[in-house]
Amino acid sequence: MRRGTNSLEVKKINRNRVFRYVHSQSETSMPDISAALDISGPTVLTIVKELKNAGVVAEVGELKSTGGRKAKAIASVKDIRYAVGMDITENHVGFVYTDLDRRALEHERIRKPFRYEELYFQEIAQLLKEFIARNRIPEEKIEGVGIALPGIVDRQKNLLTDSHVLGIKDVPMERWAAHIPYSCELLNDANAAAITEDVCCERPESNMVYLSLSNSVGGAVIFADEIKSNEGTLVSTENASMYMGNNWRSGEFGHMVIHPEGKSCYCGKKGCLDAYCSALNLAKLENGNLRAFFEKMESGRQDYQKLWEEYLKDLSIAVDNLRMCFDCEVVIGGYVGNHIEPYMGRLKALVAEKDIFGRSGEYVRGCTCREEASAYGAALYQIEKYISKI
């Protein structure tokens, strides 16, 4: 507990701790809560009563007797709130919704080319409304909508400051949410996907770098323990935080140079990772169809196999650089990450050649969530905001 914490803050902290503990168990009891959190029985009794009155926990029966009076079983109410995530891309809009259980209850991807005009914002709001109706999500229980975008998002201002992919700058949240009747938050798409990987993929409590290889290259850095900063973090889970940098531009891994004076990047520099490992470098050979690239490569196309080998070599340079900077696991995500699992052995071998400490590539792996990870993470962000206020 930090110095200067007053009794009201202590009460709020303990209330949230109790809820999170109950929420983490399929069911529990007040004696178990007291023992696990080292909070007195009377205090737990008071807090649980408050949480029951708020509707976020409920009695769900009795636990098995251990020799005395059966303890009442307590569990969190998972469907008290829902959140919807949207992923805006150059050509599609993805949707996911979840509840307090944080499982993806449904996901959908709809072709909708981006246009910076009022009609487009009306259309995506209508698609959201239809998604909610199709899935019979109680509108009164929707906590909010998270909107993932390919670009730099200033979380303090809730502003998309720059998106090369969409070709826009300085677009406020109000423009995206003008026709959406729910609380909205903007997130960078790679940051949102990293939240998904962190929250839902049974990742051990350790630091993680998420490298997103989509039509642009980005990423995120997640630390297991919260970084104490007024502006430099985006808290994503109870025990982890995302480092955002002083200007909300952390994780722009696509613009680290891997080949000095190499290929030109859209940013104006030469040799950037984005110029070599953007998914477009592969998909453009099949009219934007990345899956078709991998299918034809597997069918024996030697030119595709050669290109993929060069791609992995370039990727291994980036992975090694990230390892040297952060000394933690590196997760490959994004469009390429969705296809990379069969080739992880080769990537690990290339990475191991560069590992000056252990000659091992075991610290790199493919992402485990491959369906609408950015939309999912945007929904999870809204759920975590709700939980943090309980």
Side-chain angles (χ1 to χ4, degrees), residues 2 17 20 24 102 148 152-153 155 187-214 217-256 258 273 277 315-334 336-338 340-341 344 347-348 350-352 354-370 373-374 376-378 380-381 383-385 387-388:
R2 67 183 183 277
R17 289 178 66 211
R20 286 185 183 275
S24 69
R102 303 193 293 191
I152 297 172
V153 174
R155 290 286 310 113
L187 295 90
N188 167 269
D189 57 353
N191 289 172
I195 291 174
T196 298
E197 191 72 23
D198 182 64
V199 171
C200 296
C201 300
E202 300 182 359
R203 191 179 64 84
E205 291 183 6
S206 62
N207 304 322
M208 177 184 76
V209 169
Y210 185 89
L211 179 59
S212 177
L213 306 173
S214 292
V217 177
V221 182
I222 289 183
F223 294 107
D225 297 313
E226 184 178 348
I227 306 300
K228 302 300 179 183
S229 166
N230 292 327
E231 299 180 358
T233 63
L234 166 65
V235 177
S236 58
T237 68
E238 179 184 7
N239 299 312
S241 60
M242 187 178 297
Y243 177 69
M244 301 304 297
N246 293 339
N247 301 291
W248 302 93
R249 299 176 195 145
S250 72
E252 288 295 318
F253 304 135
H255 301 294
M256 60 180 176
I258 62 169
L273 177 63
C277 288
L315 178 57
S316 72
I317 296 172
V319 169
D320 180 65
N321 287 344
L322 293 172
R323 176 70 166 188
M324 292 300 101
C325 290
F326 298 103
D327 188 28
C328 64
E329 73 169 346
V330 178
V331 177
I332 308 300
V336 175
N338 293 342
I340 204 167
E341 193 58 38
M344 283 305 302
L347 178 59
K348 288 181 178 182
L350 290 168
V351 167
K354 298 173 177 62
D355 182 7
I356 62 174
F357 297 113
R359 296 297 175 188
S360 170
E362 292 305 310
Y363 65 84
V364 61
R365 65 174 176 84
C367 61
T368 51
C369 182
R370 297 166 193 158
S374 293
Y376 191 4
L380 289 170
Y381 178 76
I383 288 296
E384 178 59 28
K385 277 187 63 181
I387 291 175
S388 70

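In what follows, residues are counted from 1 in the order of the sequence shown. Worth knowing before you read on, the calculation uses all heavy atoms, side chains too, and leaves out hydrogens, waters and symmetry mates.
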If you compare all heavy atoms of A193 against all heavy atoms of S374, which two are closest, and at what distance to 0.1 Å?
CB-OG, 3.8 Å
Taking side chain as C-beta onward, heavy atoms only, is M324 less than 4.5 Å from D320?
yes
So for atom CZ, which belongs to R370, do other residues, nucleotides or ligands contribute more than 12 heavy atoms lying within a distance under 6.0 Å?
yes
Grab the two heavy atoms, one from G361 and one from V351, that are nearest each other, plus how far apart they are.
CA-CG1, 4.1 Å
Is there side-chain contact between I332 and L347, with heavy atoms separated by less than 4.5 Å?
yes
Contact between L315 and L211 at the side-chain level, heavy atoms closer than 4.5 Å - yes or no?
yes
So which atom in A190 and which in A220 form the shortest heavy-atom distance, rounded to 0.1 Å?
O-CB, 4.3 Å
Set of side-chain hydrogen bond (donor to acceptor under 3.5 Å, both in side chains) partners for S316, sequence neighbours left out
K354
To check you understand the geometry: which heavy-atom pair defines the closest contact between R323 and V330, and what is its length?
N-CG2, 4.5 Å
Side chain to side chain, V209 and F253, heavy atoms closer than 4.5 Å:
yes
G334 and S214 have their tightest heavy-atom pair at CA-OG, 3.3 Å
Would I387 and R20 count as a side chain to side chain contact (heavy atoms under 4.5 Å, CB included) here? Give the steps.
CA-CA 8 Å; I387 291 175; R20 286 185 183 275; 3.5 Å; yes
Step-by-step side chain to side chain contact (heavy atoms under 4.5 Å, CB included) determination, R155 to N188:
CA-CA 9 Å; R155 290 286 310 113; N188 167 269; over 6 Å; no
Quick check: do F326 and N207 have side-chain heavy atoms less than 4.5 Å from each other?
no
Tell me whether Y210 contacts the main-chain N or O of G218 through its side chain, where contact means a donor paired with an acceptor under 3.5 Å.
no
L187 vs V153 side-chain heavy atoms within contact, under 4.5 Å:
no
For A194 against M242, the heavy-atom pair lying closest together:
CB-CE, 4.1 Å
Roughly how far, to the nearest 0.5 Å, is CE of M208 from CD1 of I222?
3.5 Å
Are any of the side-chain heavy atoms of V319 and Y363 separated by less than 4.5 Å?
yes
